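Shown next, in structure tokens, is the structure this report addresses.
Worth knowing before you read on, the calculation uses all heavy atoms, side chains too, and leaves out hydrogens, waters and symmetry mates. Note that the structure is a prediction, hence the values are computed from the model and not measured.
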Amino acid sequence: MKKKVIALLLAVTMAFGLAACGSDDGSKDNNNAQTTEDDANGSKEGDTKQDDANKGGGSATGEKILSVQLGPNPETIDPALNSAVDGGNMILHNFECLLTVDKDGKIAPGQAEKWKVSKDGLTWKFTLRDGLKWSDGTDLTAKDFEYSWKRVCDPELAAPYVETVLSMVDGYKEAVAGDLDALNVKAKDDKTLVVKLSAPCPFFDSLAAFATLSPVQQATIEANGDSWATKADTYVSNGPFYVTDWEPGSHILMSKNPNYWNADAVKLDGIRFNLIEDSNAAYSAYQTGEVMMIKDVPTEEIPSLRENDDFYIDPIIGTYYLSFNCQREPFDNAKVRKALSLAIDREYVADTLMQGTYSPATNFVGPSWTDADGSEFQKNANGGQPYIDSSDYEANLEEAKALLEEAGYPNGEGFPSISYTTNDSSYHKVVAEYLQEAWGELGIDLQVEIVEWASFTPMRRNGEFDIARNGWVGDYTDVSNTLDILCSSNGNNDGKYSSETFDNAMKESRETIDPEKRSAALHKAEDTLMEDAGCIPLAYYNDFWLQSEKVVDSWHSPTGYWYFMYADIVE
């Protein structure tokens, strides 16, 4: 890996989500901000193997154990339930889908060695590799994929990504209503999975490489229920690594999976994910050599680190935004939402508070999302003009005051005291403090509620907030991936924004096969979202991290993931 500080790019199809879409920063929430945390006391366990794994690159027994920090305790690492970057990063090292994404961002064979699409685009046939195994050594077949995909549709499971990844499959509506067998996903034999769509989906290969659609072992889940994905001895997987030790609040240790089809290409003996929430603790562990890579770099250290060879900044396709609880007063009023949005000085937030590591957001769909003709979607939005002119904050503030008065709250009179909920990592706390000042200009009293990461995402999903920090990092570059999360029925729509016009536009984008009509529908959806101020886009993401130059052959993707499965440690 070479140091890179590059402009946003990539018109390649990226997959393997879990998101936004959230880690501690976004939903696929990126926790750095997108999208991760824990309380890292830096203590070492008495177990010899764990002690050795604490050393950043190896052990006394000669094993190569890569020690990294990507965030705190993940909310879940059940592939069907995860929607955060931190959990997603752990899942991608433990599981492999039918297809996968290579270091160049291209779709590549995974558990399926080949696939074929019918001329009408409705039938997808996947042929699995010979001799696939689970980490426990038992056979893995196409039937496991059929079970796993149908499980995602189970209404009792309530998978947040179900609409995004399976709504185009024939029988989806019946399946999410409870008739799981209606989903037209069939194992024809042990090696052949056939999927029939209700409408063509040009990026379905990306979905087949998406973590939500990882295979999970039916017998293990039926024997252990929801707890199967909470402890090492029941976390059966099929990827390059498998969980061998798990101490919540401390670490998740993964060992090389000898039953993985491509195990000969895996150089590491294991990866230790240190569950550190505090960025200063993470930085200290990096300085002492206990870890060789940290995602959560203390923001106060960034100015002195920028020129270091081990400090990286890389663009990702994601937006740091704020969710309104649109079902609560006064946030059910679009004028109130728009006033709160316009009262924010985005250039100050990005350039000063975030030290230029992020960019000011003038719309929801940021740079590098691609339009139907391959051009940048953002450049074609709103007649080529930004929805919010971030360069003229004073004019925006005056418009905000006028809108608040039109909504019945002149100078904030009669406006209730409101709260802003966030987790405390990266820039989240300083942004929260700034919002108190910015909305104070409107005469609004804002209380800040700081919540631990493990509690934050379920609170947000359950609607236990007035306004909450949120974020989304794309799972693939098709614009539907980011706009879908604001659909009324989407499981990642934490704020419960609901617009018939928006939903109809997204429905049209899914049903038409005409590229121009599809593009027009997607732009109409964003036009509606921005006019309604259904959320507050604040900044466009970049990932920044520290990584020892001894770590080679790893890579970072524009979807916000670090790939260590084929990494090595050199002296």
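- A donor-acceptor pair under 3.5 Å links the side-chain atoms of N82 to the main chain of A84, judged by distance alone.
- Counted by atom type alone, S118 and D120 present one or more donor-acceptor pairs between their side chains at under 3.5 Å.
- The backbone N or O of L213 lies less than 3.5 Å from a partner atom in the side chain of W149, making a donor-acceptor pair.
- Note: Y541 and Y358 meet the aromatic proximity criterion, with ring centroids under 6.0 Å apart.
- Between the CZ atom of F377 and the OG atom of S519 there is a distance of 6.0 Å, given to the nearest 0.5 Å.
- Atom CG of residue N333 and atom CG of residue D532 lie 11.0 Å apart, to the nearest 0.5 angstrom.
- Under 3.5 Å, the side chains of W453 and D86 contain a donor-acceptor pair of N or O atoms.
- Using a 3.5 Å distance cut-off with no hydrogens or angles, the side chains of D389 and N396 do not pair a donor with an acceptor.
- Residues Y320 and Y427 place their aromatic rings such that the two centres sit no closer than 6.0 Å.
- At a threshold of 4.0 Å, the pair E146-K150 counts as salt-bridged, since one of the basic side-chain nitrogens sits closer than that to a carboxylate oxygen.
- For R337 (side chain) and F331 (main-chain N/O), a donor-acceptor pair under 3.5 Å exists by modelled atom type.
- Take D527 and apply the side-chain contact (heavy atoms from CB on, under 4.5 Å) test, not counting sequence neighbours, and it matches Y387.
- With ring centers used as reference points, F95 lies under 6.0 Å from Y235.
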- Message: Is there a salt bridge (Lys or Arg N to Asp or Glu O under 4.0 Å) between K196 and D170? Walk through the geometry before answering.
- Response: CA-CA 6 Å; K196 293 191 176 180; D170 179 54; over 6 Å; no
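- Although no hydrogens or angles enter the test, the distance criterion places a donor-acceptor pair under 3.5 Å between the side chain of S227 and the main chain of N224.
- Between the CG atom in N325 and the CG atom in N462 there is a gap of 11.0 Å [rounded to 0.5 Å].
- Residue Y497 holds its OH atom at 12.5 Å from CD1 of I485, rounded to the nearest 0.5 Å.
- Aromatic ring orientation, F126 versus F204: tilted (interplanar angle from 30° to 60°).
- Residues in residues 512-525 take part in these salt bridge (Lys or Arg N to Asp or Glu O under 4.0 Å) pairs, two or more places apart or across chains: D478-R518.
- Counting only N and O atoms by type, the side chains of S488 and D503 include a donor and acceptor under 3.5 Å apart.
- The closest donor-acceptor contact from the side chain of S390 to the backbone of T362 lies at 3.5 Å or more, if one exists at all.
- In terms of the salt bridge (charged side-chain N to carboxylate O under 4.0 Å, His left out) criterion, residue partners of E75 (sequence neighbours excluded) are, by chain and number, R461.
- Counting heavy atoms from C-beta outward, V431 and M354 have side chains that approach closer than 4.5 Å.
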- Query: Passes salt bridge (Lys or Arg N to Asp or Glu O under 4.0 Å), E511 versus K507? Steps please.
  - Reply: CA-CA 6 Å; E511 294 178 349; K507 183 174 184 290; 2.9 Å; yes
- What's the verdict on side-chain hydrogen bond (donor to acceptor under 3.5 Å, both in side chains) for N184 and Y172, showing C-alpha distance, side-chain angles and the deciding distance? CA-CA 8 Å; N184 208 332; Y172 167 77; over 6 Å; no
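- In terms of the side-chain contact (heavy atoms from CB on, under 4.5 Å) criterion, residue partners of D345 (sequence neighbours excluded) are, by chain and number, E347, Y348, Y393, Y434.
- For the residue pair D484 and N490, no side-chain donor N or O sits within less than 3.5 Å of a side-chain acceptor on the partner.
- F273 is listed as a side-chain neighbour of H93, based on a closest heavy-atom distance under 4.5 Å.
- Residues passing the salt bridge (charged side-chain N to carboxylate O under 4.0 Å, His left out) test with D179, sequence neighbours excluded: none.
- Remark: S368 OG to I317 CD1 distance equals 7.5 Å, nearest 0.5 Å.
- The structure places CD1 of I536 at 5.0 Å from OG of S341, a figure rounded to the nearest 0.5 Å.
- Of the possible donor and acceptor atoms, none in the side chain of Q111 sits under 3.5 Å from a partner among the backbone N and O of L128.
- Using a distance-only test at 3.5 Å, with no hydrogens or angles considered, no donor-acceptor pair links the side chain of N423 to the main chain of E452.
- Within the 4.5 Å cutoff, the side chain of R469 has heavy atoms near those of the R460 side chain.
- With S148 as the fixed residue, the side-chain contact (heavy atoms from CB on, under 4.5 Å) test singles out one of V216, I221, T212: V216.
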- Can you check side-chain hydrogen bond (donor to acceptor under 3.5 Å, both in side chains) on H523 and N380, steps first, answer last? CA-CA 8 Å; H523 281 294; N380 302 328; 4.7 Å; no
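- Annotation: side chain of T421 is not in contact with side chain of I467 (no heavy-atom distance under 4.5 Å).
- Residues W555 and W562 keep their aromatic ring centres 6.0 Å or farther apart.
- A donor-acceptor pair under 3.5 Å links the side-chain atoms of S214 to the main chain of A211, judged by distance alone.
- Looking at D332 and Q327, their side chains never bring a donor and an acceptor atom within 3.5 Å of each other.
- Counting only distance, with no hydrogens or angles, the side chain of D371 and the backbone of G374 share no donor-acceptor pair below 3.5 Å.
- Between C153 and E163, every side-chain heavy-atom pair lies at or beyond the 4.5 Å cut-off.
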- Message: As a quick check of understanding, evaluate side-chain hydrogen bond (donor to acceptor under 3.5 Å, both in side chains) for E376 and T370, giving each step before the final call.
- Response: CA-CA 5 Å; E376 192 173 287; T370 54; over 6 Å; no
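- One side chain, Q378 or Y540, offers a donor N or O that lies under 3.5 Å from an acceptor on the other.
- Judged by distance alone, the side chain of T100 and the main-chain N or O of G110 form no donor-acceptor pair under 3.5 Å.
- The salt bridge (charged side-chain N to carboxylate O under 4.0 Å, His left out) search around K186 returns none, not counting sequence neighbours.
- Counting non-hydrogen atoms of neighbouring residues, nucleotides and ligands closer than 6.0 angstrom, the NZ atom of K231 exceeds 12 such neighbours.
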